[in-house]
Each structure stands twice: as structure tokens, then as C-alpha cells.
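Here is the structure we will look at, set down as C-alpha cells.
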Amino acid sequence: MDLEDVWPPFSLRIRCGHIELSPVRESDYSELADIAAGGVRRNNIPAFLVNWDSGTPEEIARSIAQYQWGTRANFRVDDWTMEFTVRVNGRAVGVQGVSATDFVRTRAVSTGSWLALHEQGKGYGTQMRRAALVAFADHFDAREFNSGYFEGNAASRRVSEKLGYTPNGVKTLVAQDGQARVEQQVILAAQEIVRGTEPVEVAGAEVVRRFLGLKQA
């Protein structure tokens, strides 16, 4: 029996141009920790709820491992998170996350991501989120995509704008610095995704559909 038989999400592969998204595995932890230790936020602007990207390289690595283990340990059909290692020509550049609650009924998902600081400004943030959006719209019947960014996080705002998201209110949340901050909420309907010119290729979708309790396509 292969590991993909035990944990079907490991079968999923999403490609768009030079970018590939594959579910985070233990073998990715060290590489992800190494690139995260070099920084993931410009000008130290808060971008997350949990302060996982601060501290020593060992502390950052431990935070990554604990979170990734937790996404699998707490996975339920009605409440799940999938995290994908994002690679460009084989090298890890960041992580793209997709999560949902009651997905079978709502067909709504939320996204979150991080990108190594030295890989930012190259268009990867837009391409990796676009790949996830198109894959979940076309292969998992997602109809609605939600995201958000703290005020001042211009890079995340620009990615959302490029992909077609529109404003959907605000929330006040305690950010990773312990301060209450305004998070701008954005929403995108599947039919409004700005898809770009490069096709998105998906492998392993059928076994993951079954795992999520979806009817076969």
C-alpha cells in the first residue's frame, strides 16, 4: 500500500507553467523552513494571525512542522485544510493553502499563502493562487473563493486584485504582533476568476474528490 492510498490528498498535483503545487510532505519541511528563515514579510508588516515566521531557524522549522502535522490530524470532510508546497522549476518558493468548512454544501473555500522574501516580486504569488483557484473551481466544483489581507499588506492586495476579487467587508482581528488590526475581506466567484493564458493541469483529482465526499465528475 502506498502513502497516497492512506492519505489521498498526497496524490494531488497542480501545474501552471513553471509552477507546481503538491501537498506538503514531511520531506518538504526542512526546505520550507530554510526559505522561511530568510523572511517572508516585507518591512515586518503583519500578515498572519500566528507569529510562526519569527524566532530562530529552529523555532520557525518547528512551527512549520507542527502546523502541517495539525492540518492532517484535524482533517474532517466538513472542516479541512490542504497545504501545498509551491515549486518553481523544482525549487520550493512557498506554500499555498486552501481550506473549507462544510464544503460539500457550500462549495466555498478560503485561501492563504506565504512566499519566501527573496522570491517575491516575480509574479509567483499571483500564479500559485491562480493555479489553486482554477484547480478547485474546475475539478472540485468550488463556486466561491474568500481571502483577506491586513491593511498595509500591498502585495496580497495586488494579487487579489489581479485575480478578480472584489471587496467583501472588513474584520478586526488580533494579528501576529498581538495588536488588533483591520483585515480587508475579499471574495471571488468561480466564473469571475482572471485565468490568464497558461493552462492549469491537475492530476489526482478523482481520488481526492472521493476523500472529500464529492460525487464523481
Side-chain angles (χ1 to χ4, degrees), residues 2-4 6-16 18-76 79-100 109-129 131-132 135 147-150 152-156 159 173-179 181 183 204 208:
D2 295 329
L3 188 56
E4 288 81 359
V6 178
W7 196 253
F10 282 147
S11 302
L12 196 57
R13 293 289 185 278
I14 304 171
R15 282 184 173 274
C16 182
H18 297 300
I19 280 188
E20 179 179 89
L21 281 64
S22 59
V24 177
R25 293 175 177 247
E26 278 81 357
S27 56
D28 297 330
Y29 290 179
S30 294
E31 190 174 2
L32 292 173
D34 286 343
I35 63 172
V40 300
R41 291 180 289 127
R42 292 187 181 278
N43 304 317
N44 207 36
I45 295 172
F48 310 110
L49 297 178
V50 177
N51 195 31
W52 67 270
D53 62 323
S54 299
T56 66
E58 292 78 15
E59 289 171 334
I60 292 172
R62 192 172 301 120
S63 293
I64 289 173
Q66 287 180 311
Y67 178 75
Q68 295 300 332
W69 281 322
T71 63
R72 295 194 284 278
N74 297 315
F75 197 109
R76 302 196 312 271
D79 188 359
W80 51 261
T81 295
M82 292 189 204
E83 293 266 306
F84 297 88
T85 298
V86 180
R87 295 185 179 276
V88 176
N89 295 323
R91 76 177 187 279
V93 299
V95 169
Q96 177 67 58
V98 180
S99 60
V109 299
S110 298
T111 61
S113 64
W114 62 266
L115 191 63
L117 195 57
H118 64 276
E119 300 287 2
Q120 294 177 20
K122 303 175 183 179
Y124 299 153
T126 302
Q127 194 174 9
M128 65 200 231
R129 199 195 307 181
S147 191
Y149 56 89
F150 285 119
N153 189 348
S156 181
V159 168
L173 301 170
V174 177
Q176 63 187 113
D177 60 354
Q179 301 299 311
R181 295 183 178 274
E183 184 182 64
V208 179

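Keep in mind the model is a prediction, meaning the values are calculated, not measured. Any value given below was found using the heavy atoms of this structure, including those in side chains, with hydrogens, waters and symmetry copies removed.
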Check whether any side-chain heavy atom of [X] lies under 4.5 Å from a side-chain heavy atom of [Y], and answer yes or no.
X: V174; Y: L49; result: no
X: F48; Y: F150; result: no
X: M82; Y: P23; result: no
X: Q96; Y: T111; result: yes

Q. Considering residues, nucleotides and ligands other than H18, do more than 12 of their heavy atoms fall under 6.0 Å from its NE2?
A. no
Q. Would one find more than 12 heavy atoms of other residues, nucleotides or ligands at under 6.0 Å from atom CZ of R41?
A. yes
Q. Looking just at side-chain N and O atoms, do Q176 and D53 make a donor-acceptor pair shorter than 3.5 Å?
A. yes
Q) Considering the options V93, D28, L21, which one meets the side chain to side chain contact (heavy atoms under 4.5 Å, CB included) requirement together with R87? A) D28
Would you say [X]'s side chain and [Y]'s backbone share a donor-acceptor pair under 3.5 angstrom?
X: N43; Y: I45; answer: no
X: R25; Y: S22; answer: no
X: Q120; Y: L115; answer: yes
X: N74; Y: G70; answer: yes

Q. Looking at E20 and R15, does any basic side-chain N land under 4.0 Å from a carboxylate oxygen?
A. yes
(Q) Would you call the rings of W114 and W52 parallel, tilted or perpendicular, taking 30° and 60° as the class edges? (A) tilted
Q. Which is it for R129 and Y124 under the side chain to side chain contact (heavy atoms under 4.5 Å, CB included) test, yes or no, and what are the steps along the way?
A. CA-CA 8 Å; R129 199 195 307 181; Y124 299 153; over 6 Å; no
(Q) Could you report the tightest heavy-atom contact between V98 and A132, atom names first, then the distance? (A) CG2-CB, 4.1 Å
